[in-house]
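Read through the structure below, which is laid out as structure tokens, and then see the notes.
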Number of protein chains: 2
Amino acid sequence: MIDRRTFNAALLGAAASVGVAQAQQQTTTNQQSLRLIATEEAFTTPEQLAAMSKLGGTGPIKDPDLNSIRNKARALDVESPLTRTTRALLDIGEQRIADMDRAGVAMHVLSLTSPGVQMLDVPTAHEVARVSNDRLAEAVRKYPTRFAGLASFAPQDPAGAVKEIERSIRDLKLHGLVVNSHTNEEYLDLPKYWPILEAAEALDAALYIHPRNPPAAILPFLDMPDAGTQLSSAMWGFQLDTGLHAARLIVSGIFDRFPKLKIVLGHMGEGVPFWLFRMDQRYKMRNAGEGSRTGRKLQRLPSEYFKSNFLITTSGVFWDDSLKFCRDAIGADNIMFAIDYPYEESSQAARFMNAAPLPPAELRKVAYENAERVFHIRRS
Amino acid sequence: MIDRRTFNAALLGAAASVGVAQAQQQTTTNQQSLRLIATEEAFTTPEQLAAMSKLGGTGPIKDPDLNSIRNKARALDVESPLTRTTRALLDIGEQRIADMDRAGVAMHVLSLTSPGVQMLDVPTAHEVARVSNDRLAEAVRKYPTRFAGLASFAPQDPAGAVKEIERSIRDLKLHGLVVNSHTNEEYLDLPKYWPILEAAEALDAALYIHPRNPPAAILPFLDMPDAGTQLSSAMWGFQLDTGLHAARLIVSGIFDRFPKLKIVLGHMGEGVPFWLFRMDQRYKMRNAGEGSRTGRKLQRLPSEYFKSNFLITTSGVFWDDSLKFCRDAIGADNIMFAIDYPYEESSQAARFMNAAPLPPAELRKVAYENAERVFHIRRS
């Protein structure tokens, strides 16, 4: 299904590094440092890149992020050197582990880089998810103290997604799930996606909702051709879409239906922690003063769902003020360390975590204990 | 231009309370309390309601917020009793002052309720802004220790808006300006709106960007007919739009062009304080690693503009954790007390402010000193 002839020797060589056996499985070099489990660390596979390179015909894709990914994937066809980022994404072996050691990071919880397989046709999406999950499980088996993994799936076919989720968690022993916000401009609160949420809850597999850019209708409002920088992607668009996704899940009532479902949000919770008071306040006012406008009621307040059904991570936000606020707002049990490798600097993230202004017991929770609990990571 | 015959006697009576002279000009009843200047307090006028009642023909308006406002305004035509909210909005006299006294609020900085005049045709918008500013100035003259006012204008005609801004600040002695986020789905960073920003800077008139719902293309993503509550308006949509507006202003470079321009954001800064680290981080990465994608550069980092050109207020967010975070992130000089009367409870807001976990000197800044400085309010 995937045409591997489009890949040159350099690409295949880089991907094959998974198979290189001599990578050291040492723990962090600095014994004074905290054990750090980084929970939003990206990788790619030749199969994902091949599928991405075929997207959208010859013209530009509207989403600047997809456009850039597609163009990078295509560049690999014409013998151009791999970019540093693509090389880092392809490596789930010794090069990545060396980078982790330099920064003092014990473990990466790996996930297929955004936007995963969600923009592919259904058969290709299933195939890329399946092969990527196999590659991921292989890396975890080879380096069980250094890698854990979140399984990809194709929400555009919920029934097929459930099968791949079950295979990934039961057979491949992966540690959780990852999805990249909307799928064909739809969010996971819609009933057609409930089988996915049901499976995640039944398997006790936490679902990491990673960002992608908002739907096409929203992108023009982020477009600023004459500005000092763009607002798409990590500058603003990612959180606009993923925060909205989380807000939809909260008010939709799905946590009344799936009360043990665990959702993970990166980037200190995609802004949602900042809005918990106001969501509660407005929810109480709407349902008291004028009665529910929809006739349905949530069993709990928005902030209560957030505290019981969500965890947040520090990916890309290495900021004491924000960490302290989130700890006050939702508690240290609900925050996990993350870097967002290779898009962010591991050493900056590790310095932030080691020096974070939390009591030691809370620091351990954020640095690794919560990740071990939520992703069922056992130390060997 | 405005057909006043559509208003019944009750409405005109309520509006006429501005003219009632016997309202007490007492200060707060509790001498132990802080002086409180509330900076995002809404009012309406018969003229605004009349114009709103004519919006959109007979069908529903897409924006649920506009729809509700239009329908409330229309209800006044058929002799229905005024709602509590509409009655409160229409009063900029003794009833409002009595409410302020009950809560221990010294002063309201008044602004025409959202969405102001921005959805009206140009002649009607100018007329409603002019009459509303006149009414506002009259109330301020009558109760100079209890009311200050922000002038409305019609951004859909920038040249006419500048004239009304100049008249309001120079002649009417109003204390600043208010706009309700987007105008015809455009944001103030576009060059056509620069004359408005230039006038605001030249007159040292701070511009309060009050929320409204996002553009029509975004509304379907907020629509959840089967959910426990809606995500439009104050639940999520307001901050989505106003936060985006602020982010656009920051990266557009307009603060390099108008370095003394002051923008005020409600609701603890519409989420922007939460994103300052990430905006700086991504801005630095884009402009270092791959160079600016646009060829233009900002003179400063996004967070630096936010700290020098923005103030935030507490409207609708009476939450210690959030206040502490914002104080750490942007400093106590940049935060002002606000309630969002009559949509929020004055007594809850006042209790929050009086008990806020800040040192006394910082508490005074937030409670009233910053508002006196930014809005040029002199105590008599």
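Residue numbers start from 1 in every chain, and the chains themselves are labelled A, B, ... in the order their sequence lines are given, proteins ahead of strands.
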Calculate, to the nearest 0.5 Å, the distance between atoms CG and CG belonging to B:L240 and A:L240 respectively. 4.0 Å
Which bit of A:D189 is near chain B, if near means a heavy-atom gap under 4.5 Å: side chain, backbone, both or neither? side chain
In terms of the angle between their ring planes, are B:F277 and A:W319 parallel, tilted or perpendicular, with boundaries placed at 30° and 60°? parallel
Crowded around A:E345 CD? As in, over 12 foreign heavy atoms under 6.0 Å? no
Enter the distance from B:S322:OG to A:W275:CH2 here, rounded to the nearest 0.5 Å. 8.0 Å
Criterion side chain to side chain contact (heavy atoms under 4.5 Å, CB included) on A:F274 and B:V272, from CA distance to verdict: CA-CA 10 Å; A:F274 195 85; B:V272 181; over 6 Å; no
Heavy-atom proximity to chain B below 4.5 Å, by part of A:P302: side chain
Counting distance only, does the side-chain N/O of B:R248 pair as donor-acceptor with the main-chain N or O of A:F221 below 3.5 Å? yes
Heavy-atom pairs under 4.5 Å with chain B are the metric here; pick the option from A:K324, A:Q239, A:E186 that has the most. A:Q239
Side chain, backbone, both or neither: which part of A:D223 has an atom under 4.5 Å from a heavy atom of chain B? backbone
Before giving the answer on side chain to side chain contact (heavy atoms under 4.5 Å, CB included), spell out for B:L244 and A:L231 the whole-Å C-alpha distance, their side-chain angles and the decisive distance to 0.1 Å. CA-CA 9 Å; B:L244 172 61; A:L231 284 179; 4.2 Å; yes
For the residue pair B:S252 and A:A227, what are the closest heavy atoms and their distance? CA-CB, 3.9 Å
Reported CE-to-OG1 distance for the pair A:M285 and B:T229, which is rounded to 0.5 angstrom: 13.0 Å
Distance (rounded to the nearest 0.5 Å) between A:I250 CD1 and B:M235 CE: 8.0 Å
At what distance, to the nearest 0.5 angstrom, does CZ of B:R282 lie from OH of A:Y343? 9.5 Å
If you tally heavy-atom pairs under 4.5 Å between each of B:D320, B:L222, B:V317, B:L190 and chain A, the highest tally belongs to B:V317
Determine, for B:R278 against A:E270, whether the closest basic-nitrogen to carboxylate-oxygen distance falls under 4.0 angstrom. no
Sort out for me which of B:A329, B:A217, B:A247, B:P273 touches chain A most, counting heavy-atom pairs under 4.5 Å. B:A247
Value for CG (A:D340) from CD (B:Q281), rounded to nearest 0.5 Å, stands at 10.0 Å
Would you name the heavy atoms of B:R286 and A:S233 that are closest together and state the gap between them? NH2-CB, 3.6 Å
Let me know if A:H267 has heavy atoms under 4.5 Å from chain B in its side chain, its backbone, both or neither. both
Pair B:D321-A:L276, side chain to side chain contact (heavy atoms under 4.5 Å, CB included): steps then yes or no: CA-CA 11 Å; B:D321 294 342; A:L276 294 178; over 6 Å; no
Contact winner vs chain B - A:E185, A:E344, A:R84, heavy-atom pairs under 4.5 Å: A:E344
In terms of heavy-atom proximity below 4.5 Å to chain B, should A:Y187 be classed as side chain, backbone, both, or neither? side chain
Counting only non-hydrogen atoms closer than 4.5 Å, does A:Q299 touch chain B with its backbone (N, CA, C, O), its side chain (CB onward), both, or neither? neither
